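Here is the structure we will look at, set down as structure tokens.
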Amino acid sequence: MGVRMYVKNILLWKILTFAGFFVALAESFVFPAKQNVNETPYRLLLVGFIVFYAVLLVVSTARKTQYINRGPFRFACGVVLAVYDFLSTKSNIMPLPFFPGPAQIFQVLVEDRMNLLKHTAFSLRLFFVGFLVGIIIGIVTGVIIGWYAVCNYWIFPVLKVTGVIPAVAWIPIAMAIFPSSFIAGVFLIAICSWFPVAFMVSTGISATPKTYFEAARTLGGNSAFLLFRIALPNAVPALFTGVSTATGLSFGTLVVSEMVGAKAGLGFYINWAKGWSAYSKVFAAIIVMAVAFSIVLWAINLVRCRLLIWQAGIVTGRE
Amino acid sequence: MDVSIKIDNVSRIYTDPSGNSVEALKEVSLDIFKGEFVSLIGPSGCGKTTLLRLIAGLDMPQEGAVYDDGEAVAEPNPQRGYIFQKDSLFPWLSLYDNIGIGLKARKVYKEEKNEIPKYLELMGLTEFAKAYPHQISGGMGQRVAIARSLINKPKVLLLDEPMGALDSFTRADLQDKLIDIWRENAMTMILVTHDVDEAVYLSDRIVIMTPRPGKISKILDVKMFHPRNRGGDDFMALRKKILNELNLASDPNPPEYHL
């Protein structure tokens with residue numbers, strides 16, 4: 001009896017994975033649209049979801065991997081889409097232009113894809129340049145502060161005071177000083193990622209256990225060896241704590257700096273779309289942002305797991 | 001016999017956090033001969049670890065000097081390997097890389113990295129070469145630490161209670177390993193321990209130290225062949241002698257008989 005219940009539940013959950021998107025698809029076909037929307041891209045998206053999860057189901061059943069435990073969540077996603085679509089596209093209860101329905105947002109994603117892609121590329125370029133510059137300067141500052149007591153005395157207070165200033169507060173100054181909005185953006189993102197990285201690296205270096213240094217000295221290590229082979233690797237976990245803080249701050253700074261000064265990037269796109277009351281484009285850009293930033297986070301985490309494989313409790317792999 | 005380590009009238013005074021000065025070592029002199037296995041034993045605070053750190057060059061005496069092969073010790077040297085009590089492995093390096101790091105420190109890694117597998121083999125760690133320190137037991141960790149020092153081919157190995165944190169089976173195992181290494185390489189070994197059995201089992205000479213101020217109270221020769229029988233009569237007799245010297249053998253509560 002218990003076993004049969006179990007099997008039934010698995011079957012139910014498998015069905016749930018699709019069912020939500022079927023509900024959304026059915027809803028889209030059954031009710032006539034009250035808003036002027038091309039519903040085909042949205043319907044194709046739903047079909048895409050169904051096909052994707054069907055393939056995933058077959059693959060994971062063959063490999064006996066966990067797949068179904070997200071079934072109820074996926075069902076809920078489908079139902080939310082159906083309800084949202086009904087309230088907006090189908091009934092106009094949620095009014096335009098502020099609350100475009102999923103069909104309309106997806107229509108924008110498809111029709112304006114080249115534009116969105118271009119602005120995403122601009123955003124990512126700005127992000128990576130600024131972020132990498134900030135992290136490199138942060139590591140150098142952190143090492144200097146953490147290693148040399150004199151530098152700690154003189155630089156650390158400066159770091160502490162300037163570090164708490166939100167990077168966006170520098171926007172007027174950055175715009176005035178730097179020749180282009182791109183360099184100004186790089187500067188802003190660099191300083192907002194610089195602080196947490198410098199702080200954490202210096203902490204990690206000065207927290208290196210004394211035994212490590214003594215062991216290294218008895219093995220023949222000179223002071224450069226102690227810094228680069230002992231203190232620095234010991235600070236890598238702390239570095240990544242700093243990097244994850246820096247990532248969050250950088251996303252915010254990126255979008256704000258694009259909104260105020262730039263002529264390209266997702267932040268600019270949102271602002272520009274708002275100017276035309278094209279809120280479906282705002283939502284489309286937000287969705288693109290969510291996807292792009294998630295991929296960035298995922299990539300950073302991948303690097304982290306790779307570098308920190310030596311730490312107990314670091315699990316490499318997927319959910 | 002040639003003197004390996006000469007400790008010449010050495011004093012080391014520390015200042016504790018409340019500002020009092022503590023005489024960790026007062027006017028200590030001792031000659032340790034080449035190829036000798038010497039144990040330093042005594043209660044905590046007798047300065048045995050301080051003495052070992054002075055020999056290593058990790059610490060400097062205020063008075064007197066330590067000489068290694070006639071040269072005054074001024075800083076650590078890979079010729080004097082040092083095994084810490086525990087947790088001295090670098091957690092970000094695999095066991096293979098931990099053992100190889102001395103080669104990198106001495107900038108001979110390219111030429112001598114083919115030595116690493118030999119030392120993994122010697123310590124029975126070959127199949128764990130790719131493991132990281134957090135994945136292995138304390139006993140294995142100390143084997144890695146020993147291999148990491150040995151790869152530098154030291155003339156002197158300084159052991160700071162390396163088996164203090166191990167269970168008694170692992171400890172006995174590692175003691176036998178140490179004796180093998182000592183006999184095969186003809187190196188000088190200086191062991192700090194609080195374990196009387198360990199001192200008797202391993203040493204040629206046992207240096208008994210007393211605290212406040214830290215100094216040598218007695219030096220005992222151990223004239224037994226290896227491998228030693230941990231339960232033998234002369235073993236037990238020497239053990240008792242040391243315990244007496246350390247004032248640990250007296251029965252705190254002699255039984256009372258009311259007949």
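A note on names: the letters A, B, ... follow the listed sequences, proteins ahead of strands, and every chain is numbered from 1. Small disclaimer: the values here were computed from a predicted structure and weren't measured.
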Give a yes or no on whether a salt bridge exists between D31(B) and R205(B), defined as a side-chain N under 4.0 angstrom from a carboxylate O.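 So D31(B) does not pair with R205(B) through a salt bridge.
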Quick one: do R217(A) and E75(B) make a salt bridge, cutoff under 4.0 Å?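 E75(B) and R217(A): not salt-bridged.
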Okay, side chain of W182(B), backbone of G35(B): is any donor-acceptor separation there less than 3.5 Å?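 The answer is yes, because a donor-acceptor pair under 3.5 Å joins these two groups.
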Contacting moiety of [X], where chain B heavy atoms sit under 4.5 Å:
X       : value
A216(A) : both
L307(A) : neither
N234(A) : both
Y212(A) : both

Any chance the side chains of R80(B) and N77(B) put a donor and an acceptor closer than 3.5 Å?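 No, N77(B) and R80(B) have no side-chain donor paired with an acceptor closer than 3.5 Å.
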Establish, from distance only, whether the side-chain atoms of D195(B) and T193(B) form a donor-acceptor pair under 3.5 Å.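 No, T193(B) and D195(B) have no side-chain donor paired with an acceptor closer than 3.5 Å.
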List in chain and number order the residues that pass side chain to side chain donor-acceptor pair (under 3.5 Å) with E115(B), two or more places apart in sequence or in another chain; answer none if no residue qualifies.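 With sequence neighbours excluded, E115(B) shows a side chain to side chain donor-acceptor pair (under 3.5 Å) to K118(B), K153(B), given in chain and number order.
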Quick one: ring-ring contact (aromatic ring centres under 6.0 Å, His included) pairs with a partner in residues 135-164 of chain B, sequence neighbours left out?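 Qualifying pairs: none.
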If I measure from the heavy atoms of chain A, does [X] come under 4.5 Å with its side chain, its backbone, both, or neither?
X       : answer
R148(B) : both
L158(B) : neither
N152(B) : side chain

Counting heavy-atom pairs under 4.5 Å with chain A, which one of Q85(B), K107(B), K104(B) comes out on top?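 Heavy-atom pair counts peak at K104(B).
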Shorter than 4.5 Å, heavy atoms on both sides: which option in P78(B), S149(B), G57(B) has the most such pairs with chain A?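 The option with the most such pairs is P78(B).
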